[in-house]
Protein chains: 2
Amino acid sequence: MTPATKSTAGSRTLEHPALEEIRLEGVLHALSDPMRLRIVTELACCEDELACSYFELPVTKSTTTHHFRVLRESGVIRQCYRGTAKMSGLRRDDLDALFPGLLDSVLDAAARQTDRLGGA
Amino acid sequence: MTPATKSTAGSRTLEHPALEEIRLEGVLHALSDPMRLRIVTELACCEDELACSYFELPVTKSTTTHHFRVLRESGVIRQCYRGTAKMSGLRRDDLDALFPGLLDSVLDAAARQTDRLGGA
DNA sequence: CTCGTAGTTTGACAGTTCTCGTACTACGGT
DNA sequence: ACCGTAGTACGAGAACTGTCAAACTACGAG
């Protein structure tokens, strides 16, 4: 994919879209998957960076990697390596600057829905 | 087919999800397509029901039909026939009841993005 | 009844998405 | 140096999506 990505030693860099590159459609699409919505909800809950392995998702590791990448590439989360772990955190500041109130509305909506459906 | 013979003419009935059936993921997915986001924006702008033919979308009629169906089946819009025309209107009330603030945030976000990009 | 306008249906196609399994790399601890 | 844990890359496959064209249905006006 990435041309000349001879990323041999150490430089485990992760590509993030710049603030101006974040598109609303991309963000909405990223959030429209149940698994990803769940990840984002937990991330918001904790208000801190979490390792991928923290989440106990009902999918394999490769699928997990995939979902985190979608979230990162759409600009919803920020990721960085920390030892062998990959930490993820919401890009709250950027999202709020670009689309004020959007993230909170979605988070609130997700909470309400969970309450309404899974509140068994 | 339920023989719900309404006084108003028309065996052309359109299926809409009940309020409790509307899912956040579905709504977000419906809104994550540029064409549909555009439709919703115009619908919100007009604050009234509009015929499909009002929209001058850069796609064929069948594609337009498809997008309107996705919006209706996800619970974002409400549709009914009126003569040969099919009128569409936002389900603002239902959406606000279910996910307070969500629609407005998305609309606002869409406006900001249009401003930021198209206002070049 | 006939015609035009508005929208639907169907089938097709290319592209994307979600998922998996297996093989792989990167780092830290012992 | 070795091993285990965390995550990645690479196919691959099934399902879904956005799009079109062409043939069709429904309604209103003459």
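Throughout, a chain's letter reflects where its sequence line sits, starting with A, and its residues are numbered from 1.
- Side-chain nitrogen and oxygen atoms of Thr65(B) include none within less than 4.0 Å of the OP1 or OP2 phosphate oxygen of dG7(C).
- In this structure, the side chain of Thr63(B) does not engage the main chain of Val59(B) through any donor-acceptor pair within 3.5 Å.
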Using a cut-off of under 3.5 Å, enumerate the N/O to N/O pairs linking the protein to nucleotides 28-30 of chain C.
none

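- Within the 4.0 Å cut-off from OP1 or OP2 of dG7(D), at least one side-chain nitrogen or oxygen of Ser53(A) is found.
- One can place CG of Leu37(B) at 16 Å from C1' of dG18(D), the figure rounded to the nearest angstrom.
- Shown here are the salt bridge (charged side-chain N to carboxylate O under 4.0 Å, His left out) partners of Arg78(B), two or more places apart in sequence or in another chain: Asp93(B), Asp94(B).
- If you measure from atom CD of Glu56(A) to atom P of dA6(D), you get 12 Å, rounded to the nearest angstrom.
- Here Glu25(A) pairs with Arg23(A) under the salt bridge (charged side-chain N to carboxylate O under 4.0 Å, His left out) rule; sequence neighbours left out.
- Taken over five-pair windows at either terminus, the axes of the helix from dC1(C)-dG30(D) to dT30(C)-dA1(D) are inclined to one another by 20° (rounded to 10 degrees).
- Counting heavy atoms from C-beta outward, Leu37(B) and Val106(B) have side chains that approach closer than 4.5 Å.
- Between Lys86(B) and Ser53(B) there is no side-chain heavy-atom pair separated by less than 4.5 Å.
- Regarding Ile39(B), its CD1 atom lies at a distance of 11 Å from the P atom of dG18(D), rounded to whole Å.
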Pairs under 3.5 Å (N/O, protein and nucleotides 18-22 of chain C):
from, atom 1, to, atom 2, distance (Å)
dC18(C), OP1, Asp33(A), OD2, 3.3
dC18(C), OP1, Arg36(A), NH2, 3.1
dC18(C), OP2, Arg36(A), NH1, 3.0
dC18(C), OP2, His66(A), NE2, 3.2
dT19(C), OP2, His67(A), NE2, 2.4
dC20(C), OP2, Thr60(A), N, 2.9
dC20(C), OP2, Thr60(A), OG1, 3.2
dC20(C), OP2, Thr63(A), OG1, 2.8
dG21(C), N7, Ser62(A), OG, 3.4
dG21(C), O6, Ser62(A), OG, 2.9

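- Here Arg82(B) pairs with nothing under the salt bridge (charged side-chain N to carboxylate O under 4.0 Å, His left out) rule; sequence neighbours left out.
- In this structure, the CG atom of Leu71(B) is 13 Å from the P atom of dT17(D), given to the nearest Å.
- At the phosphate of dA9(D), OP1 or OP2 sits under 4.0 Å from a side-chain N or O atom of Arg69(A).
- Within the 4.0 angstrom heavy-atom criterion, no nucleotide atom of any strand lies near Phe68(A).
- Residue Lys86(B) contributes atom NZ, which lies 17 Å from atom P of dT25(D) at whole-angstrom precision.
- For the pair Ser74(B)/Arg69(B), no side-chain contact is recorded, criterion being any heavy-atom separation below 4.5 Å from C-beta on.
- With respect to Leu43(B), the side chain to side chain contact (heavy atoms under 4.5 Å, CB included) criterion is satisfied by exactly one of Ile77(B), Leu107(B), Val76(B): Ile77(B).
- OP1 or OP2 of dT8(C) lies within a sub-4.0 Å distance of a side-chain N or O belonging to Tyr81(B).
- For the pair Asp104(B) and Arg92(B), the minimum side-chain heavy-atom distance is below 4.5 Å.
- One interatomic measurement links the two molecules: CD of Glu15(B) to P of dT8(C), which rounds to 14 Å at whole-angstrom precision.
- Side-chain contact annotation: Thr65(A) with Ser62(A), donor-acceptor N/O pair under 3.5 Å absent.
- Put simply, the side chain of Gln113(B) gets close to the backbone of Leu24(A): a donor and an acceptor are under 3.5 Å apart.
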